[in-house]
Trainee: 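The following block contains the structure, expressed as structure tokens.
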Amino acid sequence: SSFVLMPTKKIKINLEKKIETFEEKKFKINTFTGSLLSLEKKCKINIYSSGKTILKTKDKVLAKKLSKELSNILYPDIQTS
């Protein structure tokens with residue numbers, strides 16, 4: 001089971017510039033391809049440069065907590081749906 005976060009506007013995120021912030025926030029970096037950043041923090045997380053983010057967990061409480069944290073890092077100026 002997974003949860004998907006999408007920015008409400010079409011964007012392109014420079015994921016490379018976000019890696020340090022994720023590391024500071026205790027996310028484990030698994031893979032970075034340029035257009036995909038794969039992380040872990042209590043579950044697997046795939047973030048695409050389009051802003052689409054997939055949380056691989058069945059835990060709705062964890063997903064909600066992580067989605068807020070991820071949104072603040074990835075798209076501080078826009079809302080997610």
Trainee: Are K56 and I45 packed together at the side-chain level, in the sense that at least one heavy-atom pair is separated by less than 4.5 angstrom?
Mentor: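 They are not in side-chain contact.
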
Trainee: Please round to the nearest 0.5 Å and tell me the distance separating atom CD1 of I54 and atom OG of S38.
Mentor: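 Result: 10.5 Å between the selected atoms.
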
Trainee: Are L37 and N46 side-chain neighbours, meaning at least one heavy-atom pair lies under 4.5 Å?
Mentor: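 Of all side-chain heavy-atom pairs linking N46 with L37, none is under 4.5 Å.
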
Trainee: Does the side chain of Y48 reach to within under 4.5 Å of the side chain of I13, using non-hydrogen atoms?
Mentor: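 With C-beta onward as the side chain, the pair stays apart.
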
Trainee: Search all heavy atoms of S50 against all heavy atoms of P7 and return the closest pair with its distance.
Mentor: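 That would be O-CG, 3.7 Å.
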
Trainee: Determine the minimum heavy-atom distance between T33 and T31, stating which atoms define it.
Mentor: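 So the two residues come closest at CG2-CG2, 4.0 Å.
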
Trainee: Taking atom CD of E16 as the centre, does the number of heavy atoms from other residues, nucleotides or ligands within less than 6.0 Å exceed 12?
Mentor: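 Open: at most 12 neighbouring heavy atoms sit under 6.0 Å from CD of E16.
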
Trainee: Quick one: does F22's side chain get under 4.5 Å of K41's, heavy atoms only?
Mentor: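 No. Closest side-chain heavy atoms not under 4.5 Å.
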
Trainee: Taking all heavy atoms of L5 and all of S71, pick out the closest pair and write down the distance.
Mentor: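 It is CD1-OG, 4.5 Å.
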
Trainee: I need the minimum non-hydrogen distance between F3 and A63, along with the two atoms involved.
Mentor: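 So the minimum-distance heavy-atom pair works out to CD1-CB, 3.4 Å.
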
Trainee: What's the separation between atom OG in S67 and atom CG in L74, rounded to the nearest 0.5 Å?
Mentor: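 Between S67 OG and L74 CG, I get 11.0 Å after rounding to 0.5 Å.
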
Trainee: For L15 and G34, which heavy atoms make the closest approach, and how far apart are they?
Mentor: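 Reported closest heavy-atom pair: CD1-O, 4.2 Å.
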
Trainee: Once you round to the nearest 0.5 Å, how far does OG1 of T53 lie from CD1 of I47?
Mentor: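 One gets 5.0 Å once the value is rounded to the nearest 0.5 Å.
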
Trainee: Does L39 form a side-chain contact (heavy atoms from CB on, under 4.5 Å) with N30? I'd like the steps, not just the answer.
Mentor: CA-CA 5 Å; L39 312 166; N30 289 335; 6.0 Å; no

Trainee: Quick one: are C43 and L62 in side-chain contact, heavy atoms under 4.5 Å?
Mentor: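 Yes, side chains in contact.
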
Trainee: Considering only heavy atoms from C-beta outward, does the side chain of V4 approach that of M6 to under 4.5 Å?
Mentor: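 Side-chain contact under 4.5 Å: yes.
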
Trainee: Between I73 and F27, is there a side-chain heavy-atom distance shorter than 4.5 Å?
Mentor: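 In contact.
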
Trainee: How long is the straight-line distance from NZ of K65 back to CG of D59, given to the nearest 0.5 Å?
Mentor: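 Reported to 0.5 Å precision, the distance equals 10.5 Å.
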
Trainee: Does atom NZ of K18 have more than 12 heavy-atom neighbours, drawn from other residues, nucleotides or ligands, at distances under 6.0 Å?
Mentor: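 Yes, NZ of K18 has more than 12 neighbouring heavy atoms, counting only those of other groups under 6.0 Å.
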
Trainee: Within a strict 4.5 Å, meaning less than it, do heavy atoms of the K28 and E23 side chains meet?
Mentor: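 Contact flag for K28/E23 side chains = no.
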
Trainee: Are there more than 12 heavy atoms of other residues, nucleotides or ligands under 6.0 Å from atom CD of E24?
Mentor: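 Yes, enclosed.
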
